[in-house]
Number of protein chains: 2
Amino acid sequence: MADGDGFSHSDQTQIPAAAPASGEAPAGRRRARGGGGAARRAERTARVVEAAPAITRRIPNFEVLDEEALAIIETNAETVLQETGVAFMDNPVALARWKEAGADVQGDRVRIPRGLARSLCATAPASFTQIARNPERSVKIGGKDLVLAPVYGPPFVRDNEGGRRYATIADFRNFVKLGHMSRWLQHSGGTVCEPTDVAVNKRHLDMLHAHMTLTDKPFMGSVTEPSRARDSVAMCELLFADQGGLADRTAMTSLININSPLNFDATMMGALEVYAAANQACIVSPFIVGGAMAPVSVAGTLTQVLAEAMTGIAYAQLVRPGSPQIFGAFVTSIDMNSGAPTFGTPEASMILWGAGQLARRLGVPFRSGGGLCGSKLPDAQAGYETANTLNAALTGGVNFMLHAAGWLEGGLVSSYEKWVMDEDQLGVLHSMARGVDVSEEAQAMDAIREVGPGGHYLGCQHTQRNFKDAFWRSRTLDYRPFETWSEAGAPDTARLAEARWKKMLGDYEAPALDPGVAESLESFVAARKAAEPDSFT
Amino acid sequence: MADGDGFSHSDQTQIPAAAPASGEAPAGRRRARGGGGAARRAERTARVVEAAPAITRRIPNFEVLDEEALAIIETNAETVLQETGVAFMDNPVALARWKEAGADVQGDRVRIPRGLARSLCATAPASFTQIARNPERSVKIGGKDLVLAPVYGPPFVRDNEGGRRYATIADFRNFVKLGHMSRWLQHSGGTVCEPTDVAVNKRHLDMLHAHMTLTDKPFMGSVTEPSRARDSVAMCELLFADQGGLADRTAMTSLININSPLNFDATMMGALEVYAAANQACIVSPFIVGGAMAPVSVAGTLTQVLAEAMTGIAYAQLVRPGSPQIFGAFVTSIDMNSGAPTFGTPEASMILWGAGQLARRLGVPFRSGGGLCGSKLPDAQAGYETANTLNAALTGGVNFMLHAAGWLEGGLVSSYEKWVMDEDQLGVLHSMARGVDVSEEAQAMDAIREVGPGGHYLGCQHTQRNFKDAFWRSRTLDYRPFETWSEAGAPDTARLAEARWKKMLGDYEAPALDPGVAESLESFVAARKAAEPDSFT
């Protein structure tokens with residue numbers, strides 16, 4: 001009997017592995033270290049892209065705001081819209097739409113009468129399907145579903161060997177390939193890193209081409225110029241040409257950041273207008289470092305987030321009623337000493353939980369960040385901050401989790417090693433979302449009766465029937481005993497992750513694509529690239 | 001406008017620090033690096049033990065089991081107790097107590113009629129106060145309160161410089177000192193590491209003496225022999241001699257592990273009997289590696305956990321009705337490939353959440369683990385696994401969180417660096433537990449009106465009034481820009497933590513203790529040590 005909860009060495013090594021029913025796991029420590037069986041297993045599973053089923057939550061949402069708090073925040077958000085209003089910069093068409101809808105428009109300032117924004121949001125769907133070119137990989141966004149997408153936006157990449165450096169299109173393609181190989185990510189994302197070696201005015205073409213050809217999972221469109229959004233829609237028409245074209249179906253979910261506080265610039269709104277008109281989904285996302293772009297309080301920040309998200313979603317409904325929109329919330333707090341944005345903080349979790357409640361009451365899908373951290377290395381800081389964010393997002397009822405894998409250094413860096421670590425943890429979310437099975441088999445009364453006081457469950461019939469799927473299994477973390485791990489060079493998590501992403505890239509194989517579609521995409525990219533000179537600003 | 005959520009360099013450096021109202025934070029990047037002000041601040045705060053107020057939760061509990069699932073598990077637990085029963089080994093007094101109470105006793109086996117255990121638990125208090133010798137540090141355990149205690153039990157320690165080695169009494173004293181210095185830990189814990197250089201039959205005396213003299217926070221008693229529990233009570237009588245002695249007040253909370261499945265050994269029960277008779281609190285804790293000591297299913301494990309905890313708490317009430325008991329649950333899952341216990345897994349979170357619900361329905365305080373991980377280093381794996389466990393424990397309504405700081409390698413190791421990292425994260429729990437403030441000040445409507453579209457909040461009046469306490473601040477994690485951090489040698493979290501624990505130990509000062517009490521404790525320890533020869537087994 002141990003004095004406390006620690007395991008002695010003998011405890012760890014004396015637990016026998018269960019006798020496997022087939023040649024599969026559990027293999028026992030010795031067999032797992034042997035070469036022959038492991039090699040055969042590796043051969044059998046290589047080049048197979050496993051995809052976990054979509055996540056439909058069977059757990060409750062964590063609701064940190066009570067009815068009174070929700071009512072206060074909702075009332076205040078309406079007050080902000082009516083009294084302070086929002087700015088739609090350099091966008092006369094938008095101003096005209098708002099005036100027409102009944103807002104008070106003075107210059108760039110739009111003051112929205114109490115209740116108008118919310119009532120406009122009513123035509124936005126509570127959930128929608130984003131189609132993928134492989135129909136089995138189409139995703140439902142909203143309701144009890146949870147879709148996971150990788151990191152978005154970093155200009156740098158980092159890996160163990162090469163350190164931190166500017167991202168290239170080769171890196172971009174690597175991350176798309178890794179996403180394709182992922183069991184847990186259902187979505188290929190968008191700007192998985194900025195391909196800084198491609199002209200600014202042409203990189204969206206290469207990025208879209210990579211998502212369309214290197215994976216058959218759904219992806220995001222370009223938002224950096226309205227013309228690039230139009231290119232994105234045009235390329236989707238080509239991608240789905242052998243399936244009758246888009247035909248008003250939603251094939252992209254794109255990220256529209258609001259220039260908080262309360263500012264809607266013409267670039268992002270221009271992209272939103274293109275996408276909404278084509279019935280393509282947008283994530284309307286206040287982009288907030290609390291204390292800088294919003295008040296230093298959670299309640300004040302939530303008020304502004306709600307006002308901004310409602311305005312953006314309402315505006316998209318003015319462009320096209322019924323167009324699919326996601327309530328986004330990208331909120332961090334600020335380190336008041338250095339001015340740096342911080343992640344995995346209690347305030348960020350509170351805001352995430354509260355924003356989820358506000359989105360559900362508005363009746364639209366909810367998006368948050370996933371694996372956010374401020375750490376500059378894939379170290380313990382990254383682990384704590386990321387896990388804090390992932391846990392808050394899971395329990396906060398997120399429907400679309402962006403940055404779920406690979407985010408490092410406040411989003412400045414896409415990290416190969418962190419990508420693998422995060423992706424592994426997404427399996428934890430998949431399992432947790434399933435909730436607790438209380439079927440007769442799961443009740444395991446036969447096992448408790450069979451084993452009785454003082455026995456052990458490793459060999460009992462219930463264990464034999466259930467052990468394979470009973471527990472989530474990490475594919476990256478280290479569970480070896482200290483001695484074995486020391487003999488193997490005492491690798492830390494980053495080193496284990498390095499081995500895994502290299503193996504994944506080695507195993508990658510592109511999904512089949514109709515040759516006619518492939519050719520038309522290539523021609524489109526070539527023609528658009530030829531049409532204008534390179535710009536690097 | 002960034003394409004995505006990433007921060008560009010210029011975004012980060014352009015955010016100006018708010019002008020401070022006093023000489024305190026925020027100091028701005030340059031000032032923080034300067035020597036004079038920082039040195040003065042350090043001098044002013046050194047040797048002051050800051051203590052955060054007790055945590056009273058204002059957030060809901062995360063409830064993963066619905067009413068039907070709870071009823072199934074509770075019914076099944078009663079069936080287990082009635083049909084399979086439990087074993088009380090080598091303990092004729094316990095068997096006689098159970099027989100007297102109405103159980104069916106055959107040999108060591110005790111079959112408890114449906115409902116009996118639960119009804120016996122009714123006299124256990126829903127919450128109780130554990131007194132500390134400094135009355136300001138007494139803690140309430142139960143209800144909406146959360147008490148945090150450090151790691152318990154490891155035979156090894158690890159630090160950056162010395163690596164992994166057997167723990168000594170010097171290490172033990174160091175961890176008690178660090179606990180005393182902690183802003184967030186309200187409890188000094190028990191076996192913060194095993195002092196392997198002291199005889200097995202005498203080390204409890206040195207451990208208790210350290211908790212009693214090096215800190216004035218509450219602590220745990222010895223459970224490895226009934227005689228050592230008696231020593232613990234005797235030493236508490238001496239410690240509180242200048243406050244009228246114990247006088248039936250609870251001054252210790254001690255950890256009684258159940259030898260799962262369904263087995264109550266005489267050593268642990270002997271200690272429980274001593275403590276219950278003296279009205280000292282116990283944590284009655286099933287000690288389970290799921291798949292080995294319990295079924296491989298969450299529902300089956302919860303059934304066994306409830307049956308075991310109810311039995312232990314009921315037995316303590318047979319010893320002394322009204323004695324304070326905590327419903328413990330130490331549950332990990334097993335890696336079916338290696339046999340190793342795993343931490344921070346989805347199954348562990350589910351069981352923690354479910355056990356919390358069962359404990360609350362039983363009407364007793366709930367204990368879980370805090371910073372559990374299986375990693376052998378304070379690396380990313382440690383961060384993910386630990387944060388997963390801490391988050392589940394916070395949202396699961398835990399009242400007494402053991403192992404909240406310092407746990408490494410499945411509890412084999414007390415890590416100096418991990419202790420500092422975990423302790424820092426406990427501040428996150430303190431903030432989250434407070435919930436969302438929706439006072440008029442927190443609503444910040446004046447700030448939103450003042451700043452308006454396109455402005456920033458750094459200098460506004462609301463920010464000036466609130467920034468100091470607005471956000472949790474890490475004392476360990478790194479928020480510096482990449483360049484500054486690189487120039488400083490690009491330290492990872494473990495290196496930053498090393499600097500912090502060394503500074504904390506350097507700043508430590510023992511709290512005052514009545515000289516008469518100090519002398520009587522020393523005499524007691526000396527006399528008990530002289531009374532028997534050393535034993536190292």
Side-chain angles (χ1 to χ4, degrees), chain A residues 3-7 15 17 25-26 29 69 72 87 152-154 191 224 262-263 292 295-300 330 333 335-340 346-347 377-381 383-384 387-388 391 410-411 428 431-432 436 438 442-444 447 453-454 463 466-467 470-472 477 479 492-493, chain B residues 3-7 15 17 25-26 29 62 69 72 87 152-154 191 224 262-263 292 295-300 330 333 335-340 346 377-381 383-384 387-388 391 410-411 428 431-432 436 438 442-444 447 453-454 463 466-467 470-472 477 479 492-493:
Chain A
D3 170 21
D5 296 332
F7 293 85
I15 297 170
R29 197 166 287 150
I72 288 171
Y152 188 110
T191 308
T224 49
L262 304 169
N263 204 0
V296 287
S297 66
V298 169
F330 181 87
S333 43
D335 174 32
M336 282 290 186
N337 260 29
S338 67
E347 295 78 26
L377 294 171
D379 62 357
Q381 176 172 352
Y384 286 109
N388 285 349
N391 278 283
V428 175
S431 284
M432 290 214 284
V436 178
V438 289
Q443 290 176 41
T463 303
N466 291 285
F467 72 87
F471 300 136
W472 165 77
L477 305 182
Y479 296 152
D492 68 4
T493 321
Chain B
D3 169 23
D5 296 331
F7 293 85
I15 297 171
R29 197 166 286 151
F62 193 65
I72 288 171
Y152 189 110
T191 310
T224 49
L262 302 170
N263 204 0
V296 287
S297 67
V298 169
F330 181 85
S333 43
D335 174 32
M336 282 292 187
N337 260 30
S338 68
L377 293 171
D379 62 358
Q381 174 172 354
Y384 286 109
N388 286 348
N391 279 281
V428 175
S431 283
M432 292 215 282
V436 178
V438 289
Q443 292 175 40
T463 303
N466 291 284
F467 73 88
F471 301 137
W472 166 76
L477 305 182
Y479 297 151
D492 68 4
T493 321

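To find a chain, count down the sequence lines: A is the first, B the second, and so on, and within it residues start at 1.
Residues B:Ala444 and A:Pro295 approach most closely at CB-CB, 3.6 Å, considering heavy atoms. Closest of all the heavy-atom pairs between A:Gly383 and B:Ala387 is O-CB, 4.5 Å. The two atoms that bring A:Pro346 and B:Met432 nearest to each other are CB-CG, 3.4 Å, heavy atoms only. Minimum interatomic distance between B:Ala69 and A:Val438 (heavy atoms only, all atoms of both residues): CB-CG1, 3.7 Å. When all heavy atoms of A:Ala380 and B:Pro378 are compared, the pair lying nearest together is CB-O, 3.6 Å.
Atoms CH2 and CG, on A:Trp472 and B:Asp335 in that order, are 10.0 Å from each other to the nearest 0.5 Å. Rounding to the nearest 0.5 Å gives a distance of 8.0 Å between CZ of B:Phe471 and OG of A:Ser297.
Interface remark: A:Asn391 contributes side-chain atoms only to the contact with chain B (heavy atom separation under 4.5 Å). Of the two parts of A:Glu347, only the side chain, counted from C-beta on, holds a non-hydrogen atom closer than 4.5 Å to a non-hydrogen atom of chain B.
The candidate from B:Ser333, B:Ala442, B:Ala87 with the greatest count of non-hydrogen atom pairs under 4.5 Å with chain A is B:Ala442. Annotation: maximal heavy-atom pairing with chain A below 4.5 Å, among B:Asn466, B:Asn388, B:Asp492, B:Asn263, occurs at B:Asn388.
For the side chain to side chain contact (heavy atoms under 4.5 Å, CB included) criterion with B:Asp379, the lone passing option out of A:Thr493, A:Leu477, A:Leu377 is A:Thr493.
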